[in-house]
Every structure is written in C-alpha cells, then in structure tokens.
Asks: 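Starting off with a structure, shown below.
Numbers restart at 1 for each chain; the letters A, B, ... are given by sequence-line order, proteins then strands. Everything numeric here is computed off the predicted structure, so don't read it as measured data.
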Number of protein chains: 2
Amino acid sequence: MSLRYALLALLRVGPKSGYDLQKQFDTSVGHLWHAPDSQIYPELRRMEEAGLVRGEEQVRGTRGSRRVYHVTPEGEADYLAWIDGPLAYTRVREPASLKAAYLEAASPEAARAFLEEHIRHWRAELDQWEAELARIDARTSPMLQDRLAVTPEDDHDRVVAFKRLGYENLTGRARAEIAWAQRGLEVVGRFPVRG
Amino acid sequence: MSLRYALLALLRVGPKSGYDLQKQFDTSVGHLWHAPDSQIYPELRRMEEAGLVRGEEQVRGTRGSRRVYHVTPEGEADYLAWIDGPLAYTRVREPASLKAAYLEAASPEAARAFLEEHIRHWRAELDQWEAELARIDARTSPMLQDRLAVTPEDDHDRVVAFKRLGYENLTGRARAEIAWAQRGLEVVGRFPVRG
DNA sequence: CCTACCATGTAAGACGTTACATGATTGG
DNA sequence: CCAATCATGTAACGTCTTACATGGTAGG
C-alpha cells in the first residue's frame, strides 16, 4: 500500500505522467521507495478509479499522447490520513540473518564471501544515500527543490529536516549491516576449520 | 525462496510434520523467518514434487494421520548450494523511511506518535531477540539444543557462534531503528509549530 | 463430554518481479 | 535518418497475507 502514498507524495508537488513518476522512482525518490513501470501505470489507473487522482490526456506531437495525473481533494485527504495515521508493521524477514544463523554448514570461504558481499552491498547503498544526504543539506536535490518551490519559505527548514530524517534511517541501517558483517568476519576467523 | 531453505534447515535437524514446523515458526526460529501454515503445507508439497524432501504418512489414533517429512540427498545438496551460494539482494523498501521523509505534512502530534510507536515496536522486538540471545548463550534454546544434539561436540562452539551472529543482526537493526526514532523525536521538538 | 491441541489444507487477493510488447517524438 | 528518450502497457509468475474450512485425538 506504500506505493500508493509514494505516488501521492510525488503528485502533490505537481501533476505528473506515469513516465515522470517512473523516472523519479529510478533516481532520487527511488531510494525511499521503488517500483517498476509495470506497477506504476496500473496503480495510477486504480487510484483514478478510487477518485484519488485525476488523469488528463495531453497531446504530444501529431499522434502521441500522455496522461498527466493530479491529486484530487479526496486524494489529498487520503494522503493526510496516511501520514497522520499509524504505520502497519510486519514481521521481520531477513534472508541475511537466516543465512548467517546457519553458516555453520558453509565452508569458511563461502561464509567469508557472503559477509564480504554483504559489506560491499551495504557500502554501495550507504555511499548513494550519503550522497543524497549531502544534496539535501545543500538543497540541490532535484526532488527537494521541486518540493521547496511549492512550500512557503518559513517551512523550508522543516521540510529539509524531515527529508534528512528519512534518509538517515537508511544510512543508519546500512551502517548497522556493515558493522555486523565485520563482526561476522571475525567470527569466521575464529573458526577457520570446517567441522 | 527463503521459506524453502528455512524449512530445509529445520528438517535437517530431524524429520518433522507441517504442524511441527509451523510451531517452530511461531516461536524460536520464527524470529529469523516466519510463515503461516497456509504457506508451509503447500510449500512442503512443492518441495516433495521437486524431490528435496520425502513425506511419510503416519497413523494417529484410529483414523487420524500426519505426514512427516525428511530431507533427501537432493534436498541436502540444494541446501548446501544455498548456504554456499550468494544471497540475492533486493532494493530497500522502508515504509518508515518513506513516511519520515514526508512528516512535514503531519501534525506534530502525529509525527511524535509515529516515532514513539516506532520505538515501542522495535523495543519489543529487541527484547524478544535479546532474550533469545541469552538462551543461545546459555544453550537452553530448544531450537539450538535440537541442533547440538545431532552435531559433534567439537562443532558446538561454531554452531552457537553463528546462531548468535544471526540474531545479532536483528538486535543491531532494532537498536539502529530505536536510535533513529529518538533522533527523530528531537527533530519534531525543534519544529513544534505546524507550517 | 468437553476443551485444548493436533493436523491439514483451500481460496482470494495484494504486492512485487521479470519478461514481453509496442509505438511516437525529438534532436542531431 | 537514426538514436535516445518519451510513453504506456500486458502477461506470467512468485511470494505473502487473511480468511475460510474441516476434522481427529488426548487428557481431564
């Protein structure tokens, strides 16, 4: 259900086509939520059926067209209910934890490779998110600039502070994963011989 | 696909019925992976079709029966391939991060309630996982005892060390979430007035 | 006899991934 | 004219959730 609200959050800044939204999901906002085009277009249609957005067909060239969506008052109300309402938590399902708990069955090389790959993966994510945090602080992030453009200046600091908070959750997560995998490598080092 | 390997990991310790597995998923191992009965029974059937497990019908009372599964050599090979192979990473999708990044639209009370609930949620998870870690250290965890019973004594320390590692990922995650939400509360405190 | 527990599923739907599929426009 | 980009989907499949559904057994 988060896809719906991610889309509403983007559309609240200004009307966009499915393609526009998809591009944003591939870059900036894609860090916070991601969806492929094959999920976006049908979801927009469903949201329109539910009255949350309205799409308007625009001509493009002689025969082309694009459908630009904007948020309706019902969509705005639904969005505010989401942001003011509780978040549904699901049970944790961590493939990496599961695998780690059974690494006794792996060769030491495979165990080490798994943990090193884990570090590589989260390091790459961390780098991306920290770069975005830097752009948020400098207020050069395109997503943020669009948002600030439709926000009274008094509120700019608040908007920036919460964007930052969202990304800080991601960087905190990545750092925890890296630290954990590094401790894991020490464990592997303590038991070099396969049983 | 992790469900399949979670099931194999449990069945490698000894033959079990769907019901036995479900019980374990509700308690100890359920921290690492969880699935409802409606997912377990069909998956066991599929695994049997794939030759990874074999089920044997046992009589219970006069008319009752239960199907007890054990891992086949093919299942063992598949499990070892999984544990020695790479883990597939998917894109991060964090509803809490998404919501935090758009908290500017929430009332300060709702923002605070969200972050406090986040802390409560992860605190409860953390407590559970730490209790399990204590049971792992004391080697009183039922799951661990079953595992150690079929493991040569030389290997006990290794087995315990990796179980511990698996759970440490979860506790590390929970601590990061709590610390983040606490910082979030400070941010909310800095912007008490809704824009 | 009744309650707690043992035991096993089906069905519908939400959500997400991957692959397939098509065509128009714009700028060089 | 050609390539990059704009633009929009369908189809099949896998995973997971929630709800529905049924019946047997063991112990007090």
Side-chain angles (χ1 to χ4, degrees), chain A residues 1-7 10-11 15-27 30 32-50 52-53 55-69 82 87-95 98, chain B residues 1-7 10-11 15-27 30 32-50 52-53 55-69 82 87-95 98:
Chain A
M1 204 61 332
S2 289
L3 172 58
R4 171 162 298 191
Y5 297 104
L7 291 171
L10 294 175
L11 290 175
K16 283 171 190 63
S17 69
Y19 186 79
D20 294 334
L21 291 161
Q22 185 206 306
K23 264 191 314 180
Q24 299 219 31
F25 272 8
D26 281 346
T27 57
L32 292 168
W33 202 262
H34 175 258
D37 48 351
S38 65
Q39 217 188 335
I40 293 171
Y41 290 111
E43 180 64 21
L44 285 170
R45 293 287 179 169
R46 278 191 295 269
M47 288 164 73
E48 184 163 23
E49 274 170 47
L52 306 179
V53 297
E56 264 148 36
E57 209 75 22
Q58 290 186 349
V59 288
R60 228 173 60 93
T62 47
R63 267 168 305 175
S65 79
R66 59 187 232 129
R67 196 167 178 80
V68 175
Y69 292 91
W82 171 73
L87 190 62
Y89 290 90
T90 58
R91 296 192 66 155
V92 166
R93 224 180 240 116
E94 285 286 346
L98 177 67
Chain B
M1 202 62 334
S2 288
L3 172 59
R4 170 162 299 192
Y5 297 104
L7 291 171
L10 294 175
L11 290 176
K16 283 171 190 64
S17 69
Y19 186 78
D20 294 334
L21 291 161
Q22 185 206 306
K23 264 191 313 179
Q24 300 220 30
F25 272 8
D26 281 346
T27 58
L32 292 168
W33 202 261
H34 175 258
D37 48 352
S38 65
Q39 216 188 340
I40 293 170
Y41 290 110
E43 180 64 20
L44 284 169
R45 293 287 178 171
R46 278 192 294 269
M47 287 164 74
E48 185 163 22
E49 274 170 47
L52 306 179
V53 297
E56 265 149 36
E57 209 74 22
Q58 288 186 348
V59 288
R60 230 173 58 93
T62 46
R63 268 169 304 175
S65 79
R66 59 187 232 128
R67 197 169 177 79
V68 175
Y69 292 90
W82 170 73
L87 190 64
Y89 290 90
T90 57
R91 295 192 66 156
V92 167
R93 224 180 240 117
E94 286 286 347
L98 177 67

Asks: I want to check something: taking the side chain as every heavy atom from C-beta on, are Asp20(B) and Leu11(B) in contact at a cut-off of under 4.5 Å?
Replies: no

Asks: Would you mind reading off the distance between Gln58(A) atom CD and dT25(C) atom P, rounded to a whole angstrom?
Replies: 14 Å

Asks: Answer yes or no: is there a side-chain heavy-atom contact under 4.5 Å between Asp37(A) and Phe25(A)?
Replies: no

Asks: Check whether any side-chain nitrogen or oxygen of Arg66(A) sits under 4.0 Å from OP1 or OP2 of dT25(C), and answer yes or no.
Replies: no

Asks: With sequence neighbours excluded, what pairs up with Gln39(A) under the side chain to side chain donor-acceptor pair (under 3.5 Å) test?
Replies: none

Asks: Between N or O atoms, less than 3.5 Å apart, protein on one side and nucleotides 12-15 of chain C on the other: list the pairs.
Replies:
{"residue": "dC15(C)", "atom": "OP1", "partner": "Met1(A)", "partner atom": "N", "Å": "2.8"}

Asks: At under 4.0 Å between heavy atoms, how does the protein contact nucleotides 19-28 of chain D? Give one character per nucleotide, 5' to 3', with B, S or -.
Replies: B----SS---

Asks: By side chain to side chain contact (heavy atoms under 4.5 Å, CB included), which residues pair with Arg46(A), not counting sequence neighbours?
Replies: Arg4(A), Pro42(A), Glu43(A)

Asks: Please list, chain by chain and in numerical order, all residues satisfying side chain to side chain donor-acceptor pair (under 3.5 Å) with Arg91(A), sequence neighbours excluded.
Replies: His34(B)

Asks: Rounding to 10 degrees, work out the angle separating the end axes of the helix from dC1(C)-dG28(D) to dG28(C)-dC1(D) (five pairs an end).
Replies: 10°

Asks: Whole Å only: how far is the CG atom of Asp26(A) from the P atom of dC6(D)?
Replies: 11 Å

Asks: Quickly work out the Arg67(B) CZ to dG9(C) P distance and round it to whole Å.
Replies: 8 Å

Asks: Out of dG9(D), dA7(C), dT10(D), which nucleotide sits closest to the side chain of Tyr19(B)?
Replies: dA7(C)

Asks: Which is true for Arg4(A) with a 4.0 Å heavy-atom rule: it touches a base, it touches only sugar-phosphate, or it touches nothing?
Replies: nothing

Asks: Under the rule for side chain to side chain donor-acceptor pair (under 3.5 Å), what residues qualify as partners of Arg93(A), not counting sequence neighbours?
Replies: none

Asks: For Pro15(B), check side chain to side chain contact (heavy atoms under 4.5 Å, CB included) against everything at least two apart and list the hits.
Replies: Val68(B), His70(B)

Asks: Taking side chain as C-beta onward, heavy atoms only, is Glu94(A) less than 4.5 Å from Leu32(B)?
Replies: no

Asks: Quick one: list whatever passes side chain to side chain donor-acceptor pair (under 3.5 Å) with Tyr19(A), sequence neighbours left out.
Replies: none

Asks: Would you mind reading off the distance between Tyr41(B) atom OH and dC16(D) atom P, rounded to a whole angstrom?
Replies: 18 Å

Asks: Going by the rule salt bridge (Lys or Arg N to Asp or Glu O under 4.0 Å), which residues pair with Asp26(B) if we only count those two or more places apart in sequence or in a different chain?
Replies: none

Asks: Quick check on dG9(C): is either OP1 or OP2 less than 4.0 Å from any side-chain nitrogen or oxygen of Arg45(B)?
Replies: yes

Asks: Apply side chain to side chain contact (heavy atoms under 4.5 Å, CB included) to Ser2(B) and list each qualifying residue two or more places apart in sequence or on a separate chain.
Replies: Pro95(A), Leu98(A), Trp33(B)

Asks: Send over the distance from Ile40(B) CD1 to dT8(C) P, rounded to a whole Å.
Replies: 11 Å

Asks: Mind calculating the distance between CG (Leu3(B)) and C1' (dG14(D)) to the nearest angstrom?
Replies: 12 Å

Asks: Could you check how far CD of Gln24(B) sits from P of dA7(C), rounded to whole Å?
Replies: 13 Å

Asks: In whole angstrom, give the distance that lies between atom NZ of Lys16(B) and atom P of dC6(C).
Replies: 15 Å

Asks: Where each residue is assigned the nucleotide of DNA chain C containing its nearest heavy atom, which of Arg91(B) and Glu57(B) is assigned the position nearer the 5′ end?
Replies: Glu57(B)

Asks: Listed by chain and number, what are the side chain to side chain contact (heavy atoms under 4.5 Å, CB included) partners of Glu57(B), not counting sequence neighbours?
Replies: Ser65(B), Arg67(B)

Asks: Under 4.0 Å between a side-chain N or O of Arg93(B) and OP1 or OP2 of dT17(C)?
Replies: yes

